S.K.: 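There's a structure below that I have some questions on.
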Protein chains: 2
Amino acid sequence: MEEQSRYDAKLIRILRAAAAVFAERGYHRASIRDISAATGVSLSGLYYYVDSKEELLYLIQRQCFETILENLHSDLRDVTDPERRLSLLISNHLGFFASNMSEMKVLSHEADVLSGDYARKITDQKREYSAIVSDLLDALAPQAHSVDLRRATFSLFGMMNWIYTWYRPDRDGPVNVLATEMTHLFLRGFGSGLQDGGIEGGGGYNATSMWRAV
Amino acid sequence: MEEQSRYDAKLIRILRAAAAVFAERGYHRASIRDISAATGVSLSGLYYYVDSKEELLYLIQRQCFETILENLHSDLRDVTDPERRLSLLISNHLGFFASNMSEMKVLSHEADVLSGDYARKITDQKREYSAIVSDLLDALAPQAHSVDLRRATFSLFGMMNWIYTWYRPDRDGPVNVLATEMTHLFLRGFGSGLQDGGIEGGGGYNATSMWRAV
DNA sequence: ACCGGATTCGAACGAGCGTCCGAACGGCAA
DNA sequence: TTGCCGTTCGGACGCTCGTTCGAATCCGGT
């Protein structure tokens with residue numbers, strides 16, 4: 001963590017600022033000049049750290065998925081109960097998103113902008129993540145599914161990823177409450193009541209990893 | 001329907017083509033020249049029908065919400081059972097999306113592009129739609145909610161709207177199956193089995209409105 | 001045939017875009 | 001001090017963008 005060079009530290013600063021600009025203006029509308037202004041680095045100076053605007057987006061997305069997947073593996077290690085594992089996954093996902101709201105929006109909203117090798121590598125990370133979710137859901141309901149696994153996976157991702165359009169911490173409260181409710185909603189549905197000391201067992205399942213991605 | 005003038009018909013053709021271009025390239029990346037090429041109308045000729053690129057997006061979105069809300073009201077008329085009403089709403093939403101995939105993507109993905117009066121009017125339509133969903137969910141679980149109403153509403157929208165990122169009719173089957181499963185998922189959760197002749201009562205709740213929006 | 005409004009279009013304008021180049025700067029090793 | 005290399009930047013290039021303007025064309029009513 002403290003082993004990074006001057007160069008790395010500045011690149012990270014640039015990525016963070018770029019994510020904020022991309023989140024606010026959208027990738028295509030945001031200009032390299034905007035990022036230059038946000039970082040204080042001159043227009044051409046940015047190209048010393050990054051080959052192109054597209055690579056900027058790629059590095060942001062790669063860093064995010066790396067962090068999410070690392071934290072997820074660390075959270076799930078030693079946990080076998082399928083429901084607890086799902087609860088942890090949702091906490092991990094939403095926790096990362098809430099702590100990196102700009103990056104979250106870039107991840108969710110600029111998903112099909114990359115092309116070529118950049119796109120291929122990000123797609124691989126997404127596939128790895130999706131497979132984990134699918135396997136986890138599969139383990140959760142070993143009997144014949146009432147809902148197709150693929151559709152259930154994407155429905156869950158929809159619930160979780162869509163929050164970039166509406167979640168605001170000051171209005172919508174802490175993210176662990178959101179994670180608890182979303183876990184309940186996905187597992188038991190809106191129709192059922194939340195039993196006392198229910199699935200969350202007092203909130204002890206919350207993921208504890210560090211969240212800052214970039 | 002057949003009362004539209006030459007002018008109106010051509011405008012509608014333009015809106016349809018523009019939606020397809022916006023869906024494929026994204027609003028900001030897509031150029032008026034792309035739309036000109038897709039319609040066969042010359043670059044400057046488009047401005048006889050539309051004041052600006054932004055109005056183009058506005059007209060597409062307005063037409064979509066008008067259609068969705070009209071169809072929804074017509075579907076819900078005469079239906080009082082809350083679960084049936086929710087099932088119809090999901091069928092309506094997904095049915096419209098599947099029949100207007102370009103418009104769906106534009107609706108979901110270019111949500112915060114509009115500004116000024118355009119944005120205000122679309123926001124009003126969205127609020128109307130959200131309020132209907134919230135009221136419907138409220139009626140569904142009159143006892144104390146296990147999940148916050150606002151969060152449940154947006155979770156449902158997330159499940160439904162996210163399909164623009166993954167749904168392909170040839171691979172994922174007809175949309176009424178998807179609607180049935182999503183209704184079940186939202187009401188009962190992933191953990192519960194789909195009881196025989198269950199919530200869907202044999203698929204008889206599918207919405208029947210016409211889907212073409214523009 | 002002819003008029004007048006509705007419709008269409010080629011050509012251009014100014015602005016902003018991503019990227020590149022060559023010069024300048026900084027601090028450390030010799 | 002000198003030389004070197006990692007770093008920074010002003011300025012420019014070529015391109016695409018949304019929009020405009022004035023002229024040309026079409027077409028139904030007289």
Side-chain angles (χ1 to χ4, degrees), chain A residues 3-61 106 110 112-119, chain B residues 2-61 106 109-110 112-119:
Chain A
E3 274 298 339
Q4 60 199 2
S5 65
R6 225 176 169 62
Y7 176 93
D8 289 334
K10 186 157 183 181
L11 174 56
I12 286 173
R13 269 185 38 229
I14 291 174
L15 291 184
R16 259 218 273 268
V21 173
F22 286 161
E24 191 185 319
R25 312 245 304 144
Y27 175 78
H28 286 108
R29 218 218 291 238
S31 73
I32 298 281
R33 284 163 180 82
D34 292 333
I35 294 162
S36 164
T39 53
V41 180
S42 76
L43 184 56
S44 46
L46 289 172
Y47 283 88
Y48 181 71
Y49 290 89
V50 151
D51 283 341
S52 66
K53 187 184 178 188
E54 194 180 6
E55 192 187 56
L56 213 40
L57 180 62
Y58 165 70
L59 290 175
I60 292 168
Q61 298 201 349
V106 171
E110 317 292 353
D112 57 357
V113 170
L114 296 176
S115 63
D117 272 340
Y118 291 147
Chain B
E2 56 274 35
E3 276 297 337
Q4 62 198 3
S5 65
R6 229 180 163 60
Y7 175 92
D8 290 333
K10 187 159 183 181
L11 174 57
I12 286 172
R13 268 185 38 229
I14 291 175
L15 291 184
R16 260 218 272 266
V21 172
F22 286 160
E24 192 186 319
R25 311 247 301 145
Y27 174 79
H28 286 109
R29 218 216 295 235
S31 73
I32 298 279
R33 285 164 179 82
D34 292 333
I35 294 164
S36 163
T39 52
V41 180
S42 76
L43 183 58
S44 46
L46 289 172
Y47 283 86
Y48 182 70
Y49 289 90
V50 153
D51 282 341
S52 67
K53 188 185 178 188
E54 194 179 6
E55 191 186 57
L56 213 40
L57 180 61
Y58 165 70
L59 290 175
I60 292 168
Q61 298 201 350
V106 172
H109 198 259
E110 317 291 354
D112 57 357
V113 171
L114 296 176
S115 63
D117 273 340
Y118 292 147

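Everything numeric in this text was worked out from a predicted model, so none of it was measured. Chain naming here is simple, since letters A, B, ... match the order of the sequence lines and numbering starts at 1 in each.
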S.K.: Within this structure, what is the CG-to-C1' distance between A/L11 and D/dT7, rounded to whole angstrom?
M.R.: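 Answer to the nearest Å: 14 Å.
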S.K.: So how far is it from A/F22 CZ to A/H28 NE2, rounded to the nearest 0.5 Å?
M.R.: 9.5 Å
S.K.: Strictly under 3.5 Å: I want the nitrogen or oxygen pairs between protein and nucleotides 24-26 of chain D, one per line.
M.R.:
none

S.K.: Looking only at heavy atoms, what is the nearest atom pair of A/E55 and A/V50, with distance?
M.R.: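 Closest pair (atom of A/E55, atom of A/V50, distance): OE1-CA, 3.5 Å.
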S.K.: Of all residues at least two apart in sequence or in a different chain, which pass the side chain to side chain contact (heavy atoms under 4.5 Å, CB included) check with A/A38?
M.R.: A/A17, A/V21
S.K.: Any side-chain N or O of B/Y47 below 4.0 angstrom from OP1/OP2 of C/dT7?
M.R.: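 B/Y47 to C/dT7 OP1/OP2: no side-chain N or O under 4.0 Å.
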S.K.: Going by the rule side-chain hydrogen bond (donor to acceptor under 3.5 Å, both in side chains), which residues pair with B/R25 if we only count those two or more places apart in sequence or in a different chain?
M.R.: B/D34
S.K.: Using whole Å, what does the distance between atom P of nucleotide D/dC27 and atom OH of B/Y7 come to?
M.R.: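 Rounded to the whole Å, the gap is 18 Å.
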S.K.: Tell me which pairs pass side chain to side chain donor-acceptor pair (under 3.5 Å) where either residue lies in residues 35-54 of chain A, with sequence neighbours left out.
M.R.: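 Listed once each, the pairs are A/E54-A/S115.
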S.K.: Rounded to the nearest Å, what distance is computed from the CG atom of residue A/D8 to the P atom of nucleotide D/dG6?
M.R.: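 One finds 15 Å between P of D/dG6 and CG of A/D8, rounded.
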S.K.: May I have the distance from B/R6 (atom CZ) to C/dT7 (atom P), rounded to whole angstrom?
M.R.: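 The answer, rounded to whole Å, is 9 Å.
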S.K.: Does B/Q61 reach the main-chain N or O of B/Y118 with its side chain, forming a donor-acceptor pair under 3.5 Å?
M.R.: no
S.K.: In chain order, what residues pass the side chain to side chain contact (heavy atoms under 4.5 Å, CB included) check against B/A119, with sequence neighbours excluded?
M.R.: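 With sequence neighbours excluded, B/A119 shows a side chain to side chain contact (heavy atoms under 4.5 Å, CB included) to B/L114, given in chain and number order.
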S.K.: Between atom CD1 of A/I32 and atom CG of A/L46, what is the distance when rounded to the nearest 0.5 Å?
M.R.: 6.5 Å
S.K.: Please give, in whole Å, the distance from D/dT8 C1' to A/I14 CD1?
M.R.: 11 Å
S.K.: Respond yes when some side-chain nitrogen or oxygen of A/K10 is under 4.0 Å from OP1 or OP2 of D/dT7, and no when none is.
M.R.: no
S.K.: Measure from CG on A/L57 to P on C/dG18 and round the result to the nearest Å.
M.R.: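 Roughly 13 Å, once rounded to whole Å.
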S.K.: Between D/dG18 atom P and B/E55 atom CD, what is the distance in whole Å?
M.R.: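 So the two atoms are 15 Å apart, to the nearest Å.
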S.K.: Are there any protein N/O atoms within less than 3.5 Å of an N/O atom in nucleotides 10-17 of chain C, and if so, which ones and at what distance?
M.R.:
| residue | atom | partner | partner atom | Å |
| --- | --- | --- | --- | --- |
| C/dG10 | N7 | B/S44 | OG | 3.2 |
| C/dG10 | O6 | B/S44 | OG | 2.4 |

S.K.: Has A/Y48 got a side-chain N or O lying under 4.0 Å from the OP1 or OP2 atom of D/dT8?
M.R.: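 Result: no.
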S.K.: With sequence neighbours left out, write down each residue that passes side-chain hydrogen bond (donor to acceptor under 3.5 Å, both in side chains) with A/Y27, or none if nothing qualifies.
M.R.: none
S.K.: According to a strict under-4.0 Å criterion, is A/Y49 in side-chain N/O contact with OP1 or OP2 of D/dT8?
M.R.: yes
